[in-house]
Amino acid sequence: MGYEQAAVRIIEKLEEHGFEAYFVGGCVRDWLLGRTVHDIDICTNAHPGDVISLFPDHVPTGLKHGTVSVKMDGYLFEVTTFRTEGKYEDYRRPADVQFVSDLKLDLERRDFTINAMAMDRDRRLYDPFGGQQDAQQQLIRAVGEPGERFREDALRLLRAARFAAQLGFSIEEQTLHAMRTTAPLLAHIAVERVREELNKLLNSPTPERGCQIIQDTSLLLALPGLQQLFAVSCPQAWRLVHVGSVAQKWALLLYAAGYTCEQARQVCLYLRMSKRETEDMALYVQMLREIGPQWDRPAPVAWGTMLLRHGLPVCQQLHELLRACWWQRRSECPSEELMQTYEALPVKSGKELAINGRDLQDEIGKKAGEWVAHVLHYLLEQTALHGLPNTREALIEAARKEVIRNEY
Ligand code: ATP
Ligand code: MG
């Protein structure tokens, strides 16, 4: 039983018990656009209590808002009772919700016309706000009066830019105008939500479209940590699709905006990124700044040194970043060059050296200290890149000279 079939079974069961039920929101939009549907949501006039008793296999996800997660054939679906939303508080959440019996009222509370369509199980479309036409014309248009909708929930400002980037759509004139005037309200949105929307935007097939909308509407005006970053890096945003991870994408933006490693960490802190993401981003920014690539002007990279210092996986990420920086002349930095350099290294890490730190201390007769790591790395570079034989004798002799040279 497929995913879609399972959803149809839920709708059928609700109908058998005299309720109405429909596919709604993102899945309807994506079907119409011929995109892959990643989650199917269902709306119904059945109250949460009815849904719960009809489907014993459920999780009461958001009962207060009328949402029950129903399990069917191993898949999980959100089944939400038709509702309208009460007065909005703090520019994000409605103070309360009211269950209603009319599908149209439920669609009316949704953000954009393309997200405000429902479909019954026979694929009949319910589209009171012209979502299908907007989908055809590739437009993001607010349902109702745009300014009012953004004032109700300022997260919609970022959702508009994010959907434009994901779908490659434009924003309808009045909606765009309202975004300009309500942009300051983004100050009220939790940074985690801002981060998630920006991540989706950066991860999309046309991030440059999203970044341009951010520019045109001064959307991040109220988020001083981010406004400058997006403003300066916008012309390079088209390169983002050429790197894979979100940490690489942020690092590319930060580099493009001329941020130092320390400033990059500030942005991570501001957005409450995870430690892992922060460390990755800071490392990529640091490496990019060391190399200092100019846009589309490939230059040689000392991959041997980089590999010994950072290891292969990090260098692969860096290579991808550099290819994005040099995208218009990418044939001059083929991905094989890194692997070839790596395979040609006679020694690939400190562990492969014929001596270890202990041996070094014994032979030199000095207490452990920073000098050990330094000398070991020196020996690694000499064996890997400069032909020093990887034998105990040769390494110890080279180590003695290095210790004297550095006056350790
Ligand atoms: P995707 O899941 O592909 O990002 P989606 O359209 O499914 O897109 P969700 O955030 O999963 O987006 O929300 C599901 C539906 O709920 C939307 O299609 C929209 O109808 C409605 N919705 C979600 N967030 C809001 C909001 N902030 N304001 C108004 N309606 C919203
Ligand atoms: Mg969704």
Side-chain angles (χ1 to χ4, degrees), residues 3-4 7 22-44 61-62 65-69 75-95 97 100 103-119 125-132 134-135 139-169 175 178-179 182 185-186 188-190 192-207 210:
Y3 181 47
E4 214 179 305
Y22 305 88
F23 299 111
V24 72
C27 64
V28 177
R29 173 198 70 217
D30 290 341
W31 275 322
L32 289 180
L33 292 172
R35 292 162 52 89
T36 39
V37 167
H38 58 88
D39 46 23
I40 296 179
D41 294 323
I42 294 168
C43 63
T44 178
T61 319
H65 297 100
T67 303
V68 179
S69 294
Y75 302 104
L76 211 58
F77 299 91
E78 289 204 343
V79 178
T80 303
T81 305
F82 296 161
R83 62 170 210 232
T84 59
E85 294 174 344
K87 235 183 108 52
Y88 277 76
E89 277 175 349
D90 58 34
Y91 306 100
R92 170 72 191 120
R93 275 174 297 268
V97 307
V100 293
L103 171 63
K104 184 172 172 207
L105 289 176
D106 181 83
L107 295 176
E108 206 169 11
R109 73 169 166 91
R110 295 171 184 272
D111 47 6
F112 306 111
T113 60
I114 53 167
N115 289 344
M117 294 182 279
M119 204 178 245
L125 189 67
Y126 294 81
D127 177 20
F129 308 105
Q132 186 173 29
D134 285 339
L139 281 179
I140 313 275
R141 180 197 307 271
V143 172
E145 205 285 299
E148 206 174 292
R149 304 311 308 284
F150 292 127
R151 273 186 290 274
E152 282 174 357
D153 176 0
L155 187 67
R156 291 170 186 157
L157 290 160
L158 280 174
R159 283 173 60 88
R162 180 262 277 196
F163 282 119
Q166 285 181 326
L167 304 172
F169 281 21
T175 304
M179 286 172 73
T182 54
L185 299 179
L186 265 187
H188 300 282
I189 301 299
E192 289 83 356
R193 306 302 300 261
V194 172
R195 181 190 65 215
E196 288 318 304
E197 289 301 324
L198 289 177
N199 280 347
K200 285 181 186 175
L201 185 154
L202 297 182
N203 245 330
S204 73
T206 54

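These figures come from a predicted structure and were not determined experimentally. Read the numbers this way: they start at 1 and go in the same order the structure lists the ligands and their atoms.
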Can you tell me if Glu152 has a non-hydrogen atom under 4.0 Å from ligand 1? no
Taking non-hydrogen atoms only, is Asp153 closer than 4.0 angstrom to ligand 1 via side chain, backbone, both or neither? side chain
Heteroatom distance test (His38, ligand 1): nitrogen or oxygen, under 3.5 angstrom: yes
Atoms of ligand 1, numbered as shown, that sit under 4.0 Å from any heavy atom of Gly26: 5 (P), 6 (O), 7 (O), 18 (O)
Quick one: look up the protein heavy atom nearest atom 8 (O) of ligand 1 and list residue, atom name and how far away it is. Arg29 NH2, 3.3 Å
N/O separation below 3.5 Å, Arg162 to ligand 1: yes
Do the charged groups of Asp134 and Arg141 touch, with an N to O distance under 4.0 Å? yes
Per side-chain contact (heavy atoms from CB on, under 4.5 Å), Leu158 is matched among Ile189, Leu198, Leu201 by Leu198
Look at atom 30 (N) of ligand 1 and say which protein heavy atom is nearest, naming residue and atom and giving the distance to 0.1 Å. Asp111 N, 3.2 Å
For Ala142, is there any backbone N or O sitting under 3.5 Å from a side-chain donor or acceptor partner on Thr175? yes
Does any part of the side chain of Phe129, heavy atoms only, come nearer than 4.5 Å to the side chain of Leu107, both counted from C-beta? yes
Within-4.5 Å side-chain heavy-atom neighbours: Glu78 and Asp39: no
At less than 4.0 angstrom from any non-hydrogen atom of Gly25, what atoms of ligand 1 do you find? 18 (O)
Nitrogen or oxygen atoms of Arg156 and ligand 1 under 3.5 Å apart: yes
Would you check the N or O atoms of Gln166, main chain and side chain alike, for any that come under 3.5 Å of an N or O of ligand 1? no
Taking atom 22 (N) of ligand 1 as the reference point, the nearest protein heavy atom with its distance: Arg159 NH2, 3.5 Å
Verdict with supporting geometry, Glu197 and Leu157, side-chain contact (heavy atoms from CB on, under 4.5 Å): CA-CA 10 Å; Glu197 289 301 324; Leu157 290 160; over 6 Å; no
Which of the numbered atoms in ligand 1 are below 4.0 angstrom from a heavy atom of Phe163? 6 (O), 8 (O)
Arg149 versus Asp111: any side-chain heavy-atom pair under 4.5 Å? no
Is the shortest distance from a heavy atom of Arg109 to ligand 1 less than 4.0 Å? yes
Filtering Glu197, Glu196, Arg110 for the heavy atom nearest atom 15 (C) of ligand 1 leaves Arg110
With the threshold set at 4.0 Å, does a side-chain nitrogen-carboxylate oxygen contact exist between Glu196 and Arg193? no
Does any non-hydrogen side-chain atom of Glu108 lie less than 4.5 Å from one of Thr84? no
So which protein heavy atom does atom 14 (C) of ligand 1 come closest to, and at what separation? Asp41 OD2, 3.9 Å
Is the gap between the ring centers of Tyr3 and Phe77 under 6.0 Å? yes
